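Have a look at the structure below, then the notes.
Basis for what follows: all heavy atoms, side chains included, without hydrogens, waters or symmetry-related copies. Labels below follow one simple rule: chain letters A, B, ... track the order of the sequence lines, proteins then strands, and each chain is numbered from 1. Keep in mind that what you see is a predicted model, and the values were worked out from it rather than measured.
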Number of protein chains: 2
Amino acid sequence: MKIGELASATGTRAETVRYYEKIGLLAPPARTSGNYRSYGGEHLARLSFIRRARDLGFTIETVRELLALSDDRTRSCEAVDGIARMHLAEVDRKIADLMALRGELGRVIDTCSHGTVADCKIIEALAPHSHG
Amino acid sequence: MKIGELASATGTRAETVRYYEKIGLLAPPARTSGNYRSYGGEHLARLSFIRRARDLGFTIETVRELLALSDDRTRSCEAVDGIARMHLAEVDRKIADLMALRGELGRVIDTCSHGTVADCKIIEALAPHSHG
DNA sequence: ATGCACCCTGTAGGAACTACAAGGTCAAGC
DNA sequence: GCTTGACCTTGTAGTTCCTACAGGGTGCAT
């Protein structure tokens, strides 16, 4: 499996795959006689995991931790659980922030009277506010 | 008004103010005899606008557009409204993604909390997806 | 005159990629 | 057998939005 195939199989770009290899997240694969990277099922599984975790908002460093945990099967689930919990809290914060933002943005848009910029409420809403 | 005062009046850092000047978002102010930046009400208003728009999640480039639009007072509000609506849609999408993530993390924690190592499903939870 | 808080410029770093540039490999088509 | 074009290689620099120095200058109080 060449890098392009691996990339499209996992929804990644070839550049990103090489980047993951460079930062030590994905093991360097064997090479063909023409010096092309040659991937197998192990790499596919691993990269799928990485992609999915990244999509779920885990940082590269957290993904590294999770991979280390999954590699060491003797370890308890507690560490994994802890990481997940930390992320859950973070995700909850992000959701709350975005909901507040959404409300404000929605209000701003609702006030738009579709006139000229001179009396655009959106611009007004962005204009100077007291700030501490 | 010196840079530090402007910064604290708008909830920004001095470095960020200089950065905004460097990328052409904020006009260079007059200088004192000692070469300090000297800001007036115009700068305060504009930086407040920038800060608020950034807090609402608009990118620097979008803020630039909004500033350009707001400078042309006779222009129709339509473009401004469109930008805000597009941004709102983006925020909605992010919220949806985060809600999905939240559910997944919750499930992982739930599974982990009453199980042994063998039962830990976090790795499986992040296992390969089909990618087309 | 001596601190000290603040200001100046310029550059490097950080997170996680992304986009070249300049060249090598390979299968297909003529 | 040779060309075309898609793909691969390495390396480096750019992206976004700042943040953090380093190494110096200014202004005010003691």
Mapping A/Tyr20 and A/Asn35 onto DNA chain C by nearest heavy atom, which one lands closer to the 5' end?
A/Tyr20
A/Tyr36: partners by ring pair (Phe, Tyr, Trp, His ring centres under 6.0 Å), with sequence neighbours left out:
none
OP1 or OP2 of [N] versus the side-chain N and O atoms of [X]: is any pair under 4.0 Å?
{"X": "B/Thr16", "N": "D/dT19", "value": "yes"}
{"X": "B/Ser33", "N": "D/dT26", "value": "no"}
{"X": "A/Arg54", "N": "C/dA15", "value": "no"}
{"X": "A/Tyr36", "N": "C/dG24", "value": "no"}
{"X": "B/Arg37", "N": "D/dT26", "value": "no"}

With a 4.0 Å cut-off on heavy atoms, is B/Ile23 in touch with a base, just the backbone sugar-phosphate, or nothing at all?
nothing
What's the separation between atom NE2 in A/His43 and atom OG in A/Ser38, rounded to the nearest 0.5 Å?
9.0 Å
Spacing of CZ belonging to A/Arg51 relative to OG1 belonging to A/Thr12, to within rounding of 0.5 Å
5.0 Å
Starting at the 5' end of DNA chain D, which residue's closest nucleotide do you reach first, A/Lys22 or A/Glu5?
A/Glu5
If you restrict it to nitrogen or oxygen atoms, what contacts under 3.5 Å exist between nucleotides 20-22 of chain D and the protein, and what is each distance?
{"unit_1": "D/dA20", "atom_1": "OP2", "unit_2": "B/Arg13", "atom_2": "NH1", "d": "3.2"}

Could you list the donor-acceptor pairs under 3.5 angstrom formed by side chains in residues 17-31 of chain A, with sequence neighbours left out?
{"unit_1": "A/Glu21", "atom_1": "OE1", "unit_2": "A/Arg37", "atom_2": "NE", "d": "2.8"}
{"unit_1": "A/Arg31", "atom_1": "NH1", "unit_2": "A/Asn35", "atom_2": "O", "d": "3.0"}
{"unit_1": "A/Arg31", "atom_1": "NH1", "unit_2": "A/Asn35", "atom_2": "OD1", "d": "3.4"}

May I have all residue pairs that pass salt bridge (charged side-chain N to carboxylate O under 4.0 Å, His left out) and include part of residues 77-86 of chain B, sequence neighbours excluded?
B/Asp81-B/Arg85
Just the rounded figure in Å: distance from [atom2] of [N] to [atom1] of [X].
{"X": "B/Arg51", "N": "D/dC18", "atom1": "CZ", "atom2": "C1'", "result": "10 Å"}
{"X": "B/Leu26", "N": "D/dC17", "atom1": "CG", "atom2": "P", "result": "16 Å"}
{"X": "B/Glu21", "N": "C/dG10", "atom1": "CD", "atom2": "P", "result": "11 Å"}
{"X": "A/Lys2", "N": "C/dC26", "atom1": "NZ", "atom2": "C1'", "result": "7 Å"}
{"X": "B/Met1", "N": "C/dC6", "atom1": "CE", "atom2": "C1'", "result": "15 Å"}

List the steps and the verdict of side-chain contact (heavy atoms from CB on, under 4.5 Å) for A/Arg52 and A/Thr10.
CA-CA 9 Å; A/Arg52 185 111 170 78; A/Thr10 54; over 6 Å; no
What residue pairs, at least two apart or across chains, pass ring-ring contact (aromatic ring centres under 6.0 Å, His included) with a residue in residues 80-108 of chain B?
B/Phe58-B/His87
Does the pair B/Arg54 and B/Ile60 meet the rule for a side-chain contact (heavy atoms from CB on, under 4.5 Å), with working shown?
CA-CA 7 Å; B/Arg54 291 286 302 124; B/Ile60 292 266; 4.1 Å; yes
Return the polar atom pairs (N/O with N/O) between nucleotides 14-16 of chain D and the protein under 3.5 Å, or none.
none

With no hydrogens and no angle check, is any side-chain donor or acceptor of B/Ser48 less than 3.5 Å from a backbone partner on B/Leu44?
yes
